[in-house]
Amino acid sequence: MLRYASLGAERPGPYAKSVPPLPGTVDEWLAGGPRLSDLATPVLTLDRAALHANAERMAGWCAAHGVDLAPHGKTTMAPALWDLQLRHGAWGITVATPWQARIAIDAGVRRVLLANALVDPAGVRAVAAARDADPDLEVLSWVDSVDAVTAMTTAAGSPARPLAVVVELGAPGGRTGARTLAEAERVASAVVASPVLALAGVGGYEGALAHDPSEASLATVRAYLDDLAELHRRLAPSYGTDEVVVTAGGSAYFDQVVAALAGLADTRTRVVLRSGAYLVHDDGFYRGISPLARDDEQRPFRSAMHVTARVVSTPEPGLALLDAGKRDVPFDEGLPEPQRIADDLGSPSRPLTGTVTAVNDQHAFLRTEEQVRIGQVVRLGLSHPCTAFDKWRWIPVLDGTDPDPQVVELVRTFF
């Protein structure tokens, strides 16, 4: 089990905003069998059954298609959930920054994929020191320019083991990454010439090139992935590690990644997906774009996260203000979706029709033609788990289908 995966001895005090101040430890509180009705609004909750179902579903899908999975840990920054993914066969954990890598290493992750350039001198030195101290620790980072190679080489000093890097291929209009195959080849040559780096593969991110499942978007993604496969073939003679990684794949187009890249896997080469949102999924962006939702023959993921908010004001007909705002819910990939309403936490609920039209710092504007009373609570479906988890330090996990399910765990985030 990863360090921080179980924090039963912790005393959150007043810092868990939805949990009442605990007089003792997390384990002592959980032993008392707390329920949803013991919490305060607004509250982000996770559904235990959905988490485990999604973890199992993705693990099975990857195994069936002959690829590995290093889920993106930045989605949750929760070692307890990383531990769940690793126990379902994940090859490693992906992170986006040197600080996130430090959290993963400290938590005990043995294979960390830093899907970004590692050029901050302090970050380079920290990764080099961690690898020198632990021969079993693997950390792979990205480079997309000769300047990045120079920066890493200068900052690394004289590590006992070369730092493993993959060359990142981008595309015009995308995010990071060398813009052409020829440029990527020049970067690879610089890596090979560096005395402290080892060329370990190729990588990229197709999700920066499209934002919907239209045929035009899928064609753009496929063309990019074909170029990534070609780059791997060109660099094959130059790889300097025993194991080679070809990595792509967010949570929107991982089926396209498998179609284009899975055939590259062999005794030396691993094809690694980095999908992160699948575990928690959502009721918005990923619900609409996930490959398992686009394919009628597939069993889709289930949203494992919801926020329940309380009606605090009904200042005019058709408008209710809820006590959840930008500090509590994501809003960058769509506003929350009203789903159900109940008289209080733990009370039986019924479907609710309406729309959240805006969020302020601490309020959501719910427009509905239904009768809504002050004090009632509304369950909200959310869009984009990456910007949901960063707003919560402790997240209750619920188990059961009872209107008042039991709290069986508190998940700690490290943002």
Side-chain angles (χ1 to χ4, degrees), residues 12-22 29 34-48 50-51 75-78 280-284 303-315 319-352 354-368 370 372-398 403-413 415:
Y15 300 109
K17 63 182 175 182
S18 62
V19 177
L22 305 186
W29 183 64
R35 299 276 174 172
L36 173 63
S37 56
D38 293 309
L39 305 176
T41 61
V43 56
L44 172 67
T45 57
L46 298 175
D47 182 281
R48 184 182 190 181
L51 288 172
T75 301
T76 64
M77 283 306 295
V280 178
H281 200 50
D282 71 6
D283 285 308
S303 179
M305 66 173 181
H306 298 90
V307 158
T308 303
R310 194 174 299 275
V311 179
V312 295
S313 178
T314 54
L319 174 64
L321 278 299
L322 310 180
D323 64 353
K326 293 179 180 179
R327 306 285 174 83
D328 313 295
V329 298
F331 54 92
D332 58 315
E333 291 287 0
L335 292 170
E337 173 188 87
Q339 294 179 335
R340 303 189 69 83
I341 188 168
D343 287 338
D344 205 344
L345 288 174
S347 298
S349 64
R350 59 175 174 81
L352 173 67
T355 305
V356 171
T357 58
V359 286
N360 293 160
D361 284 355
Q362 309 292 175
H363 294 92
F365 290 70
L366 170 64
R367 299 284 179 177
T368 180
E370 299 190 32
V372 174
R373 301 189 309 275
I374 290 176
Q376 290 183 308
V377 294
V378 176
R379 192 185 82 172
L380 301 170
L382 307 178
S383 180
H384 200 193
C386 294
T387 50
F389 274 63
D390 64 327
K391 297 167 176 58
W392 300 84
R393 294 188 185 185
W394 293 89
I395 304 174
V397 179
L398 306 179
D404 195 16
Q406 185 172 345
V407 180
V408 294
E409 185 179 357
L410 285 181
V411 167
R412 168 82 184 274
T413 64
F415 284 98

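All residue numbers in this chain count up from 1 along the given sequence. The figures here come from the full heavy-atom set of this structure, side chains too, leaving out hydrogens, waters and symmetry mates. From a predicted model like this one, the values you see are computed outputs, not experimental measurements.
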Peer 1: Does Arg340 use its side chain to pair, donor to acceptor, with the backbone of Arg379 at less than 3.5 Å?
Peer 2: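 No, Arg340 side chain to Arg379 backbone: no donor-acceptor pair under 3.5 Å.
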
Peer 1: Kindly compute the distance separating OG1 (Thr45) from CD1 (Ile395), expressed to the nearest 0.5 Å.
Peer 2: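 Answer for the OG1-CD1 pair, Thr45 versus Ile395, is 9.5 Å.
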
Peer 1: So do the side chains of Ile341 and Thr368 get within less than 4.5 Å of each other, counting heavy atoms only?
Peer 2: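 Counting from C-beta outward, Ile341 and Thr368 never come under 4.5 Å.
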
Peer 1: Tell me the closest heavy-atom pair linking Leu44 and Ala388, and the distance in Å.
Peer 2: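 It is CD2-O, 4.3 Å.
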
Peer 1: Measure across Asp328 and Lys17 and return the closest heavy-atom pair with its distance rounded to 0.1 Å.
Peer 2: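 The answer is OD1-NZ, 2.8 Å.
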
Peer 1: Nearest 0.5 Å please: distance from the NZ atom of Lys326 over to the CZ atom of Phe331.
Peer 2: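 Rounded to the nearest 0.5 Å, the NZ-CZ separation comes out at 5.0 Å.
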
Peer 1: About how many Å separate CZ of Arg327 and CG of Asn360, when rounded to the nearest 0.5 Å?
Peer 2: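 Reported to 0.5 Å precision, the distance equals 10.5 Å.
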
Peer 1: Drop me the distance from Leu39's CG to Ser18's OG, to the nearest 0.5 angstrom.
Peer 2: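 One gets 5.5 Å once the value is rounded to the nearest 0.5 Å.
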
Peer 1: OG/Ser303 to CG/Leu46 distance, rounded to the nearest 0.5 angstrom?
Peer 2: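 Answer rounded to 0.5 Å: 9.5 Å.
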
Peer 1: Verify, without hydrogens or angle tests, whether Arg310 (side chain) and Gly375 (backbone) share a donor-acceptor contact under 3.5 angstrom.
Peer 2: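 Yes, Arg310 side chain to Gly375 backbone: donor-acceptor pair under 3.5 Å.
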
Peer 1: Does CZ belonging to Arg393 count more than 12 external heavy atoms closer than 6.0 Å?
Peer 2: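 It does not: Arg393 CZ has 12 such atoms or fewer within range.
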
Peer 1: For a quick test of reading the model, state the closest non-hydrogen atom pair linking Leu410 to Trp394 and the distance between them.
Peer 2: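 Closest pair (atom of Leu410, atom of Trp394, distance): CB-CE3, 3.7 Å.
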
Peer 1: I'd like to check Phe365 versus Val359 (side-chain heavy atoms, cut-off strictly below 4.5 Å). Are they in contact?
Peer 2: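 SC-SC contact between Phe365 and Val359 ruled out.
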
Peer 1: Can you check whether Val411 reaches Trp392 side chain to side chain, under 4.5 Å on heavy atoms?
Peer 2: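 No, too far: nothing below the 4.5 Å cut-off.
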
Peer 1: Provide the closest heavy-atom pair for Cys386 versus Thr75 in the form atom of the first, atom of the second, distance.
Peer 2: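 Heavy atoms only, the tightest pair is SG-OG1, 3.6 Å.
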
Peer 1: So which heavy atom on Val307 is nearest to which on Pro42, and how close?
Peer 2: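 The answer is CG1-CB, 4.5 Å.
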
Peer 1: Could you tell me if the side chain of Leu366 sits less than 4.5 Å from the side chain of Leu352, heavy atoms only?
Peer 2: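 Yes. Closest side-chain heavy atoms under 4.5 Å.
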
Peer 1: Applying side chain to side chain contact (heavy atoms under 4.5 Å, CB included), run through Thr357 and Leu335 and close with a yes or a no.
Peer 2: CA-CA 7 Å; Thr357 58; Leu335 292 170; 5.5 Å; no

Peer 1: If the condition is salt bridge (Lys or Arg N to Asp or Glu O under 4.0 Å), which residues does Asp282 pass it with, not counting sequence neighbours?
Peer 2: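 Expected list: none.
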
Peer 1: Output all residues satisfying ring pair (Phe, Tyr, Trp, His ring centres under 6.0 Å) with His306, sequence neighbours left out; order by chain, then residue number.
Peer 2: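 So His306 forms no ring pair (Phe, Tyr, Trp, His ring centres under 6.0 Å) with any residue.
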
Peer 1: Below 4.5 Å, heavy atoms only, C-beta onward: do Val356 and Pro338 meet side chain to side chain?
Peer 2: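 Heavy-atom side-chain distance check passes, below 4.5 Å.
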
Peer 1: Of the non-hydrogen atoms in Pro336 and Val329, which two are nearest, and what is the gap between them?
Peer 2: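 Nearest heavy atoms, Pro336 then Val329: CG-CG2, 3.7 Å.
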
Peer 1: Tell me, do Gln339 and Asp283 make a side-chain contact under 4.5 Å, heavy atoms counted?
Peer 2: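 Yes, close enough: below the 4.5 Å cut-off.
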
Peer 1: Between Val312 and His363, is there a side-chain heavy-atom distance shorter than 4.5 Å?
Peer 2: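 Yes; the side chains approach each other to less than 4.5 Å.
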
Peer 1: Rounded to the nearest 0.5 Å, how far apart are OG1 of Thr308 and CG of Leu36?
Peer 2: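 It is 6.0 Å, given to the nearest 0.5 Å.
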
Peer 1: Checking Asp404 side chain against Arg35 main chain: does a donor-acceptor pair fall under 3.5 Å?
Peer 2: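 Answer holds: no.
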
Peer 1: Just so I know, are the side chains of Leu380 and Leu322 near enough to count as touching, which here means a heavy-atom distance under 4.5 Å?
Peer 2: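 When only atoms from C-beta onward are counted, Leu322 and Leu380 do touch, with a gap below 4.5 Å.
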
